[in-house]
Amino acid sequence: MTFDGAVAVVTGAAGGIGAAVCRALAREGATVVGLDRAWDIGDGPEQRESVDVTDEAAVDDAFARIARQHGAPGIVVNAAGITYRGPTIEASTESWDAVLATNLRGTYLCCRAAARGMLERGSGAIVNVSSQLAISPPGGRAAYVAAKQGVIGLTRTLAVEWAPAGVRVNAVAPGITRTPMIEAIERDPTASAEFAARIPLGRFAEPDEIAGPILFLASPAAAYVVGEVLVVDGGYTIP
Ligand SMILES: NC(=O)c1ccc[n+]([C@@H]2O[C@H](COP(=O)([O-])OP(=O)(O)OC[C@H]3O[C@@H](n4cnc5c(N)ncnc54)[C@H](O)[C@@H]3O)[C@@H](O)[C@H]2O)c1
């Protein structure tokens, strides 16, 4: 699986899954540019930009700048995301708006900005990040589930629209993955044990275990895979 010569953009690149995807793509030879709204990590991609994916102008500018510097990206992974915990009845409207804006609008804006160059060139691969919760919602996090189901609908729609022009759009639906997003769960041994007990594999995923399937979908090995939602959850959604 080599990405020699490919230009890749990864959003949420300062986060656990995004950073793992950047490392894996760079290892396989891609030129990687990471986008994130905040860079407070030591490692991460060498080439990075501070971009809020909910900001249409900032997203369009970033993709135009990257295209000028490196050539239009052929691979885009949309991993920027936020979540919240708690019962829906107690959640604020602001949290609903923020989760939908980042997880769904942000994914849409980045897909659209990326596709301009891809459609012109007649090739490209986009991988969006949904969640196991979009497939088996356990209750709670309604905005997150709605946004992540939206990501699946968006992925399948864009896949149909853009496949004829050579642009493949797919998604992964990760299970619980050991990143800053789940720090609160990991700090609580009882909650951690309860969540892990529901996973047939009996443990949470490492970020590299999500990056691998993302790279597969972005690679020529997945040349005939279009509009797929690859569930990577240790078996959580089976029962
Ligand atoms: N960790 C899990 O258990 C899990 C499970 C399923 C799906 N996911 C999804 O995987 C993706 C990556 O999450 P992660 O686990 O690496 O979490 P993370 O919190 O480590 O990383 C998310 C990154 O997105 C960035 N981000 C948030 N809002 C942004 C914005 N408006 N503009 C630009 N960047 C923004 C954050 O700064 C952060 O670096 C997310 O979409 C998340 O919903 C995570």
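Indexing begins at 1, ligand by ligand and atom by atom, following the structure's order. All residue numbers refer to positions in the sequence shown, counting from 1.
- Side-chain contact check for Arg112 versus Glu56: some heavy-atom pair is nearer than 4.5 Å.
- Summary of contacts: the protein heavy atom closest to atom 17 (O) of ligand 1 is Met181 CB, 3.4 Å.
- At a 3.5 angstrom cut-off on N or O pairs, Thr177 counts as close to ligand 1.
- At a 4.0 Å heavy-atom cut-off, ligand 1 touches Ile182 through the side chain alone.
- Counting only heavy atoms from C-beta outward, the side chains of Ile214 and Ile17 approach each other to under 4.5 Å.
- In terms of protein heavy-atom proximity, atom 6 (C) of ligand 1 is nearest to Pro174 O, 3.3 Å.
- Close contacts of ligand 1 with Pro180, meaning ligand atoms under 4.0 Å from a residue heavy atom, involve 20 (O).
- With ligand atoms numbered from 1 in the order given, ligand 1 contributes 16 (O), 18 (P), 20 (O), 21 (O), 39 (O) to contacts under 4.0 Å with heavy atoms of Gly15.
- With values rounded to the nearest 0.5 angstrom, Arg27 atom CZ is found 8.0 Å from Leu215 atom CG.
- At least one side-chain heavy atom of Trp39 sits under 4.5 Å from a side-chain heavy atom of Pro45.
- Summary of contacts: the protein heavy atom closest to atom 5 (C) of ligand 1 is Gly175 O, 3.2 Å.
- Heavy atoms of Ile17 found under 4.0 angstrom from ligand 1 belong to the backbone as well as the side chain.
- Shown in contact with Ser130 at under 4.0 Å from a heavy atom are these atoms of ligand 1, numbered in order with element: 7 (C).
- Of all protein heavy atoms, the one closest to atom 15 (O) of ligand 1 is Thr179 OG1, 2.6 Å.
- For ligand 1 and Ile176, the ligand atoms under 4.0 Å from any heavy atom of the residue are 3 (O).
- Residue contacts with ligand 1: Asp36 is placed with a nitrogen or oxygen under 3.5 Å of a nitrogen or oxygen of the ligand (distance criterion only).
- No side-chain heavy atom of Glu209 sits under 4.5 Å from any side-chain heavy atom of Thr177.
- In this structure, atom 34 (N) of ligand 1 lies nearest to the protein heavy atom Arg37 N, 3.2 Å.
- At least one heavy atom of Ala79 sits less than 4.0 Å from an atom of ligand 1.
- Hydrophobic clustering (side-chain heavy atoms under 4.5 Å, transitive across Ile, Leu, Val, Met, Phe, Trp, Tyr) keeps Val169 apart from Val172.
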As a quick check of understanding, evaluate salt bridge (charged side-chain N to carboxylate O under 4.0 Å, His left out) for Asp60 and Arg116, giving each step before the final call.
CA-CA 10 Å; Asp60 286 349; Arg116 292 188 184 115; 3.2 Å; yes

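- Applying the side-chain hydrogen bond (donor to acceptor under 3.5 Å, both in side chains) definition to pairs two or more places apart or across chains, those involving residues 148-176 are Asn128-Thr155.
- Protein heavy atom at the shortest distance from atom 8 (N) of ligand 1 is Tyr144 OH, 3.4 Å.
- Remark: the backbone N or O of Gln132 is not paired with any side-chain donor or acceptor of Thr237 at under 3.5 angstrom.
- Every atom of ligand 1 is numbered from 1 in the order shown, and the set under 4.0 Å from a heavy atom of Asp52 is 30 (C), 31 (N), 32 (N).
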Under 3.5 Å, which donor-acceptor pairs link side chains of residues 137-147 to any protein atom two or more places apart or in another chain?
{"residue": "Arg141", "atom": "NE", "partner": "Tyr84", "partner atom": "O", "Å": "3.4"}

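- The part of Lys148 lying near ligand 1 is the side chain, judged by heavy-atom distances below 4.0 Å.
- If you number the atoms of ligand 1 from 1 as listed, the ones under 4.0 Å from a heavy atom of Thr102 come out as 28 (N), 29 (C), 31 (N).
- Considering Thr107, Leu35, Val10 in turn, Thr107 is the only one that fulfils the side-chain contact (heavy atoms from CB on, under 4.5 Å) rule with Asn78.
- Residue contacts with ligand 1, taken as heavy atom pairs separated by less than 4.0 Å, involve Ile82 solely via side-chain atoms from C-beta onward.
- Nearest protein heavy-atom neighbour of atom 22 (C) of ligand 1: Gly81 O, 3.6 Å.
- Of all the heavy atoms of Phe204, none lies under 4.0 Å from any atom of ligand 1, so neither backbone nor side chain is involved.
- Remark: Glu49 CD to Arg65 CZ distance equals 4.0 Å, nearest 0.5 Å.
- Here Asp36 contributes atom CG and Arg48 contributes atom CZ; the two are 9.5 Å apart, rounded to the nearest 0.5 Å.
- Between Ser219 atom OG and Leu217 atom CG the span is 7.5 Å, to the nearest 0.5 Å.
- Where the criterion is an N or O separation shorter than 3.5 Å, residue side chain and backbone included, Gly12 fails it with respect to ligand 1.
- In this structure, the protein non-hydrogen atom closest to atom 20 (O) of ligand 1 is Gly16 N, 2.9 Å.
- Inclusion of Ala38 in the set of residues having an N or O under 3.5 Å from an N or O of ligand 1 is not warranted.
- Per-residue contacts place Val129 under 4.0 angstrom from the following atoms of ligand 1 (heavy atoms of the residue considered): 9 (C), 10 (O), 11 (C).
- Heavy atoms of Val51 found under 4.0 angstrom from ligand 1 belong exclusively to the backbone.
- Leu109 is not listed as a side-chain neighbour of Thr54, based on a closest heavy-atom distance of 4.5 Å or more.
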